[in-house]
4 protein chains.
Amino acid sequence: MVLTEKHRHILLKAEELFAVRGFDGATVRDIADAAGVNLAMISYYFGSKEKLMEALFRERMTLMRIRLETLIMDDNYTPIQKVDILIDEYVNKVIQQQSFYKIMLCEQVINNNPLVLKMLRELKLSYANLVGVLIEAGQKQKIFKKDIDVMFLLNTMTGTVTQMVINKEYYKEYNNYKKLNAADFNELLRTKLSAHVKLVFKAILGYEQ
Amino acid sequence: MVLTEKHRHILLKAEELFAVRGFDGATVRDIADAAGVNLAMISYYFGSKEKLMEALFRERMTLMRIRLETLIMDDNYTPIQKVDILIDEYVNKVIQQQSFYKIMLCEQVINNNPLVLKMLRELKLSYANLVGVLIEAGQKQKIFKKDIDVMFLLNTMTGTVTQMVINKEYYKEYNNYKKLNAADFNELLRTKLSAHVKLVFKAILGYEQ
Amino acid sequence: MVLTEKHRHILLKAEELFAVRGFDGATVRDIADAAGVNLAMISYYFGSKEKLMEALFRERMTLMRIRLETLIMDDNYTPIQKVDILIDEYVNKVIQQQSFYKIMLCEQVINNNPLVLKMLRELKLSYANLVGVLIEAGQKQKIFKKDIDVMFLLNTMTGTVTQMVINKEYYKEYNNYKKLNAADFNELLRTKLSAHVKLVFKAILGYEQ
Amino acid sequence: MVLTEKHRHILLKAEELFAVRGFDGATVRDIADAAGVNLAMISYYFGSKEKLMEALFRERMTLMRIRLETLIMDDNYTPIQKVDILIDEYVNKVIQQQSFYKIMLCEQVINNNPLVLKMLRELKLSYANLVGVLIEAGQKQKIFKKDIDVMFLLNTMTGTVTQMVINKEYYKEYNNYKKLNAADFNELLRTKLSAHVKLVFKAILGYEQ
DNA sequence: CATGAATGAGCGTTCATTCAT
DNA sequence: CATGAATGAACGCTCATTCAT
């Protein structure tokens with residue numbers, strides 16, 4: 001399926017609504033209105049509401065695994081450097097694509113779309129496998145501790161970052177960051193999250209700078 | 001509002017369905033069928049589907065803050081002990097009430113119920129405040145590092161635990177725990193999560209055992 | 001499925017509309033309006049538009065085969081008398097239930113409902129078998145000719161009667177029966193059809209009065 | 001309106017689909033796909049779906065009346081011969097154009113197209129009138145009985161033939177003609193139908209060979 | 001002439017809720 | 001208290017048709 005600019009525009013608006021109202025809560029009429037297109041266009045372009053969701057996942061998830069694979073196989077970085085890059089890139093992605101990561105979170109819980117479930121499963125497992133390779137490389141070089149649980153490691157990162165993004169308004173309120181504009185606040189969140197997760201990873205992986 | 005046994009039974013079944021299908025995905029008919037009560041009873045008992053959700057949140061969240069307050073104010077424990085208890089109790093609660101924590105997660109993202117939003121907000125902020133008190137106490141005793149970001153700390157715990165619970169089937173598959181029954185696997189998850197979060201907290205708070 | 005008076009009322013109105021506009025042409029909204037019930041009642045009572053049609057067929061076809069079976073097995077009549085009764089009863093039924101016989105006719109052609117198709121098939125074949133028994137009895141008594149093709153015989157009756165009913169307005173116009181009211185015209189049609197088909201059957205079966 | 005080869009090709013495919021799914025059940029998209037033409041061409045060529053149906057009726061019905069008129073007025077045949085030719089030609093036409101005769105049957109019942117209704121009415125009445133002339137000629141020659149009801153006569157033919165064509169699969173099954181290919185079975189049907197209707201007509205018209 | 005894109009209207013169905021009993 | 005029946009609103013989707021190119 002080749003996506004035109006209009007396809008992508010609809011996907012973007014759908015993404016925003018799915019993130020705010022959930023899949024069932026966002027109606028096709030809502031999406032069509034938000035995208036400024038006719039109601040029938042959604043079915044015309046994507047086939048159905050379900051397939052729209054699938055197209056969104058396909059579009060957003062395509063590059064994820066490839067990027068990770070490239071990073072893990074890259075010989076120019078040490079395992080520690082790779083871990084840092086991994087964290088930076090993940091935090092950046094979540095900050096930039098907050099809507100999609102919110103949808104992903106809910107789809108992992110609710111899940112009523114088999115194809116989305118399949119894509120999520122493949123992503124999760126291939127992520128664990130690839131990071132597993134990285135961990136083992138570090139362990140062979142005696143940089144990382146033995147007995148690292150890859151899934152605990154990854155879920156600590158994804159969980160922490162997602163929670164911060166979900167609760168960012170409370171964070172803003174709690175720390176009185178109300179004067180910051182959205183972009184600055186995101187940048188602050190990005191920096192802090194990156195540093196925080198790196199600190200945590202050092203403890204888990206057992207290395208010092 | 002006084003809840004009878006029947007109220008609680010309906011809430012339990014509603015909780016299970018909301019966790020699996022989401023608020024919009026679980027129909028009142030589904031819930032009535034699952035609870036073995038007449039469809040009209042839901043409205044009769046709770047007023048509406050929305051108020052049913054609110055009652056569920058009220059019921060499940062009532063004891064949370066009180067328990068934390070008691071713990072923080074308890075003079076029989078050191079700050080480090082309190083942190084350990086906090087983690088243990090949180091992990092236990094999430095493992096035991098997986099359905100409700102899944103619902104909470106989605107409601108934080110989706111949110112279309114102002115009252116639920118309000119309850120979540122109050123819980124989040126009072127949690128941060130109470131744990132803030134605990135952190136400051138530890139800092140005064142020079143046990144914890146300066147510059148602890150309470151929200152980062154808490155979200156690391158909640159994020160990690162929730163992610164592990166959400167993805168527990170992948171964890172089972174990845175580690176070949178298929179032979180374990182549900183109870184044993186939950187127990188294993190509980191133990192591992194508790195230890196893991198404690199390790200991470202030490203790194204963030206900056207103390208050694 | 002137990003049919004109440006309201007069920008039957010809806011079926012009656014649906015029957016009229018299906019006969020005039022066809023299954024696809026008659027909308028659920030039309031039927032609900034005609035029956036004076038809420039739109040959602042159709043699904044509530046019958047499950048779906050398709051199942052409404054199936055219920056109509058089940059309701060109308062239930063007694064057909066039983067009546068024929070009773071007649072064929074009845075020892076009080078000669079084969080010739082049975083043929084006459086068969087014709088009289090068929091003509092009466094079609095005249096009385098013109099709408100349903102129109103629907104039946106179209107469903108035999110169009111057919112997009114497997115269950116209706118199945119019911120029609122069973123009716124057709126069991127009719128052929130039962131009348132086959134009657135013919136053989138008459139042949140053994142040397143009353144009927146050898147080599148009677150039961151399906152040709154039956155389709156001559158059903159075809160002739162249905163055509164006359166379908167085209168009854170042209171018949172009225174062609175014969176200047178416009179002064180007759182609907183009931184009288186139906187009665188005239190009934191009498192003429194009965195006599196006509198009996199004449200034709202004599203020729204096919206090869207007997208004289 | 002002048003019909004090109006492409007017009008005729010579309011009409012042919014539309015005819016097949018209308019016969020199988022009915023006018024409402026066959027979508028313009030289906031027809032366009034079946035004909036291998038662009039969807040918009042249907043409207044472009046015929047104006048609308050309704051007008052496509054009208055064009056189909058106009059195309060198929062054009063020659064019918066003319067042929068009958070010629071036959072009736074032909075002085076080379078006796079009334080009996082004319083009746084036989086009439087039957088043969090009608091049976092042949094229905095067997096050859098089964099799809100169109102199925103559509104005609106449904107349109108007589110359902111009727112939502114005034115123009116089609118008008119064409120059907122004219123055909124019916126002019127047929128009755130023309131055959132009426134033939135009958136009167138035979139009556140004057142004392143070949144046919146008095147008091148022949150032309151419409152009964154004609155509807156016996158059309159009804160019998162149409163019913164046999166509609167139910168031909170049951171006929172095949174009932175008589176175990178499954179080994180016959182479609183062409184052979186049609187030929188068998190044609191022969192039998194022709195003989196059968198001639199037999200019936202003799203009885204109605206009251207003559208012997 | 002021919003076409004891919006687009007649209008308003010309307011489809012069958014399901015929903016949370018209400019009400020008479 | 002409890003319930004089967006009933007309902008208005010809205011759902012996702014498909015339809016015949018149109019239009020810019």
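Throughout, a chain's letter reflects where its sequence line sits, starting with A, and its residues are numbered from 1. Computed from a predicted model, the values in this text were never measured in an experiment. Heavy-atom basis, side chains included; hydrogens, waters and symmetry copies ignored.
- Residue order along DNA chain E, read from the 5' end via each residue's closest nucleotide, puts A:Met41 first among A:Met41 and C:Lys49.
- The NZ-P distance, from A:Lys51 to F:dG12, rounds to 16 Å in whole Å.
- Each of C:Glu50 and B:Ser48 was assigned the nucleotide of DNA chain E with the nearest heavy atom; the assignment lying further toward the 5' end belongs to C:Glu50.
- At E:dC1, none of the side-chain N or O atoms of D:Lys6 fall inside 4.0 Å of OP1 or OP2 (strictly under the cut-off).
- Heavy atoms of other residues, nucleotides or ligands lying less than 6.0 angstrom from NZ of D:Lys93 number more than 12.
- Taking atom CE on C:Met53 and atom C1' on E:dG12, their separation rounds to 15 Å, with Å as the unit.
- Comparing E:dT14, E:dT7, E:dT18 against the side chain of A:Ala40 picks out E:dT7 as the nearest.
- With a cut-off of 3.5 Å on both pairing distances, the Watson-Crick or G-U wobble partner of F:dA10 is E:dT13.
- Atoms NE2 (C:His7) and P (F:dG4) sit 15 Å apart, rounded to a whole Å.
- On a pure distance criterion of 3.5 Å, no polar donor-acceptor pair joins the side chain of C:Arg29 and the base of E:dG10.
- B:Ile42 comes within contact range of no nucleotide atom at all, as no heavy-atom separation falls under 4.0 Å.
- Checking E:dA20 for Watson-Crick or G-U wobble geometry (two distances, each under 3.5 Å) identifies F:dT3 as its partner.
- The distance between atom CG of C:Asn113 and atom C1' of E:dG12, rounded to the nearest whole Å, is 15 Å.
- Within the 4.0 angstrom heavy-atom criterion, base atoms lie near A:Ser43.
- Across every non-hydrogen atom of A:Ser99 and A:Ala19, the tightest pair is O-CB, 3.5 Å.
- Annotation: D:Phe100 is in aromatic contact with D:Phe57 [ring centroid separation under 6.0 Å].
- Regarding A:Glu5, its CD atom lies at a distance of 13 Å from the P atom of E:dA6, rounded to whole Å.
- The residue among D:Asp30 and B:Leu39 whose nearest nucleotide of DNA chain F lies closer to the 5′ end is B:Leu39.
- Ring planes of B:Phe46 and B:His7: perpendicular class, angle over 60° (limits at 30 and 60°).
- For E:dA5, one of the phosphate oxygens OP1 or OP2 lies less than 4.0 angstrom from a side-chain nitrogen or oxygen of A:Tyr44.
- Residues B:Tyr45 and A:Asp24 both approach DNA chain F. Their nearest nucleotides, taken by heavy-atom distance, put B:Tyr45 toward the 5′ side.
- Atom CG of C:Asn112 is separated from atom C1' of E:dG12 by 14 Å (rounded to the nearest Å).
- Summarising the geometry, the separation between CG on B:Asn38 and C1' on F:dA5 is reported as 11 Å, rounded to the nearest angstrom.
- In this entry the distance linking CD1 of A:Ile31 with P of F:dC11 reads 11 Å, nearest Å.
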After noting the C-alpha distance and the side-chain angles of A:Glu59 and A:Leu56, does the key distance pass the side-chain contact (heavy atoms from CB on, under 4.5 Å) rule? CA-CA 5 Å; A:Glu59 175 70 1; A:Leu56 178 61; 5.6 Å; no
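- Nucleic acid contact for A:Ala26: sugar-phosphate only, since backbone atoms but no base atoms lie under 4.0 Å from a heavy atom of the residue.
- Inter-residue side-chain proximity for B:Tyr45 and B:Ile10 is flagged as met; some heavy-atom pair is nearer than 4.5 Å.
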